[in-house]
Amino acid sequence: MSTTKQLHLTAFMRPVSLHTGAWRYPGAFPDANFNLGHLKSFIKALEDAKFDAFFLADHLAVLNMPVEALKRSHTVTSFEPFTLLSALSVETERIGLAATASTTYEEPYHVARRFASLDHLSNGRAAWNIVTTGNPESSKNFSRDEHMEHSDRYKRAREFYDVVTGLWDSFADDAFVRDQQTGTYFDPERLHVLNHRGNEFQVRGPLNIARPVQGWPVIVQAGQSEPGKQLAAETAEAVFCSPRDLASAKTLYEDIKGRATAAGRERSHIKILPAAFIVIGDTIEEAKSKRLKLDSLVHYDSAIASLSIALGSDASGFDPDGPLPTDIPDTNASKTGRAGVLKLAQDENLTVRQLAQRYGGYSGLAFVGTPESVADEMQTWLAEEAADGFTVAFPFLPQGLEDVTQRLIPELQRRGIFRREYQGSTLREHLGLPRPSNRFFT
């Protein structure tokens, strides 16, 4: 086994492409986001390429944009993550299965049961992406007029995590003796009743599912605000984040790893996996041409609506050819996303139209080039401790995914920085993470 530091790669697959124009790209499957047959083929290709995990984001409301923009979005319909991953678990054997579940609009007992079930169904491949839900429109689908305040969402998330992990530890690993001769199915001495009573939740327990195969499903966290980074440092084993460049990524990497160390955790037990939009061509010029073609397929109605979501404020009345106004009111939406918009507009001196076109397509970190040039960039990020790997976003499918799995992955393998075969069967083994001990039993 290679002693060279290895990349970890997860595939961002809900939506199947983050780019608004993806479904219109020549040769793309326009229904890829909501077609089980296509999704089966995608995950099998990713497993053949030895990806760590197949990652599903989630939305609890239709995107809050005008219908003239919404009608152009391929994200309007998507499968519910647990239903889809349960179906895909029987089509695969090794690749991890990661799903988002909200700590703002879910209950801990529900989340604990679903992830424990998925971990058993997949023989130890489940991961929970903890999110506090940034879209204010979600509240209206859960009998609430107002979205919970940002700081309150993170306080709730921290207690939510404690309850869920406590429920996963309800039974000792050896609790189920299933002795047919004596008629004893489980040992009551190896059962713990949680009896949690906190500021947010009152949960008796125990969970009515055996302890997950991995002990706990892998904990993923997505958030770059101050409370988000602290939550990641205390709880996460993989961090899905969105730095824009190498310098900011190195700062974020050290910030989160340093906080984890201060919390008494091992640095190597938390993996930083920035989102990376990857476009591959025979030449760098061809790859850039693909990106330009893709961006050209984004309608302005959709672009300005995407900018409004990122800002948390209606941008439709802004002068398209003027600078972004400086007096945009603060909102209760994602703080990190809004700050990124303002910084990008300032750093690149973009007009509202230019900014909208960027956000209407994909505005985050992008590696656009040949297999060799993209591998160079990824290797640099790994060597300079800007990332432990990447959450790969594809420009269009199936071709964009095939470019990564059939052209980029072999180049990474040739360099010895990505596996040729899985070394274990669980997601924890893929990521080099320990199996957590049961807090109630030895």
Give a yes or no on whether the backbone of [Y] and the side-chain of [X] come within a donor-acceptor separation of less than 3.5 Å.
X    : Y    : result
S122 : L118 : yes
R14  : F79  : yes
E429 : S425 : yes
Q214 : T426 : no
D52  : T10  : no
W128 : A101 : yes
R439 : D169 : no
R244 : L344 : no
K5   : A383 : no
K290 : I280 : yes

Which of these, F277, F390, Y362, sits in a ring-ring contact (aromatic ring centres under 6.0 Å, His included) with F367?
->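 Among F277, F390, Y362, the one meeting ring-ring contact (aromatic ring centres under 6.0 Å, His included) with F367 is F390.
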Residue from N129, T133, D58 passing side chain to side chain donor-acceptor pair (under 3.5 Å) with T100 =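 Considering N129, T133, D58, a side chain to side chain donor-acceptor pair (under 3.5 Å) with T100 is found only for N129.
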Separation between [atom1] of [X] and [atom2] of [Y], rounded to the nearest 0.5 Å:
X    : Y    : atom1 : atom2 : value
N35  : L397 : CG    : CG    : 12.0 Å
C241 : I256 : SG    : CD1   : 6.0 Å
L9   : F51  : CG    : CZ    : 5.0 Å
E149 : Y154 : CD    : OH    : 13.5 Å
S268 : E237 : OG    : CD    : 11.0 Å
L431 : L273 : CG    : CG    : 7.0 Å

Would L46 and T405 satisfy side-chain contact (heavy atoms from CB on, under 4.5 Å), going step by step from the backbone distance to the final call?
-> CA-CA 7 Å; L46 291 163; T405 58; 4.0 Å; yes
When you compare the side chain of [Y] with that of [X], does any pair of heavy atoms fall below 4.5 Å?
X    : Y    : value
Y25  : P395 : no
H150 : P227 : yes
M378 : L382 : no
D255 : R259 : yes
V352 : D319 : no
T4   : I417 : yes
V16  : L39  : yes
Q379 : L412 : no

Can we say [X] and [Y] salt-bridge, meaning some charged N sits less than 4.0 Å from an Asp/Glu carboxylate O?
X    : Y    : answer
R291 : D295 : yes
R407 : D282 : yes
R94  : E421 : no
D152 : R156 : no
E80  : R114 : no
E411 : R415 : yes

Nearest atoms (heavy-atom pairs only) where [X] meets [Y]:
X    : Y    : result
S89  : L97  : CB-CD1, 3.7 Å
H430 : H8   : O-CE1, 3.1 Å
A99  : L85  : CB-CD1, 3.6 Å
R419 : K50  : NH1-O, 2.7 Å
A49  : I409 : O-CG2, 3.7 Å
L433 : H269 : CD2-O, 3.5 Å

side-chain contact (heavy atoms from CB on, under 4.5 Å) partners for E285, two or more places apart | T283
side-chain contact (heavy atoms from CB on, under 4.5 Å) partners of D347, counting only residues at least two apart |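 D347 satisfies side-chain contact (heavy atoms from CB on, under 4.5 Å) with K343 only.
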Residues which pass ring pair (Phe, Tyr, Trp, His ring centres under 6.0 Å) with Y300, listed by chain and number, not counting sequence neighbours = none
Please assess R158 against D162 for the test salt bridge (charged side-chain N to carboxylate O under 4.0 Å, His left out), listing each intermediate value before the final yes or no.
-> CA-CA 7 Å; R158 187 62 182 82; D162 289 338; 2.7 Å; yes
Would F396 and H19 satisfy side-chain contact (heavy atoms from CB on, under 4.5 Å), going step by step from the backbone distance to the final call?
-> CA-CA 8 Å; F396 37 80; H19 200 289; over 6 Å; no
Chi angles and distances behind the side chain to side chain donor-acceptor pair (under 3.5 Å) call for D321, T351 | CA-CA 5 Å; D321 298 310; T351 66; 5.1 Å; no
Keeping to residues at least two apart or across chains, list the salt bridge (charged side-chain N to carboxylate O under 4.0 Å, His left out) pairs with something in residues 267-278.
-> E254-R267
Under the salt bridge (charged side-chain N to carboxylate O under 4.0 Å, His left out) rule, what pairs show up with a residue in residues 29-40, not counting sequence neighbours?
->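 The answer is K40-E91.
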Output every pair passing ring pair (Phe, Tyr, Trp, His ring centres under 6.0 Å) with a member in residues 217-266, not counting sequence neighbours, ordered by first then second residue.
-> F12-F240, F55-F240
L350 and Q357: side-chain contact (heavy atoms from CB on, under 4.5 Å), yes or no, with the steps?
-> CA-CA 10 Å; L350 299 177; Q357 288 172 337; over 6 Å; no
Proximity of F394 and F42 rings by center, below 6.0 Å |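 That pair fails the under 6.0 Å test.
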What do the steps show when you test L342 against L324 for side-chain contact (heavy atoms from CB on, under 4.5 Å), and what is the final call?
-> CA-CA 8 Å; L342 300 176; L324 189 69; 3.7 Å; yes
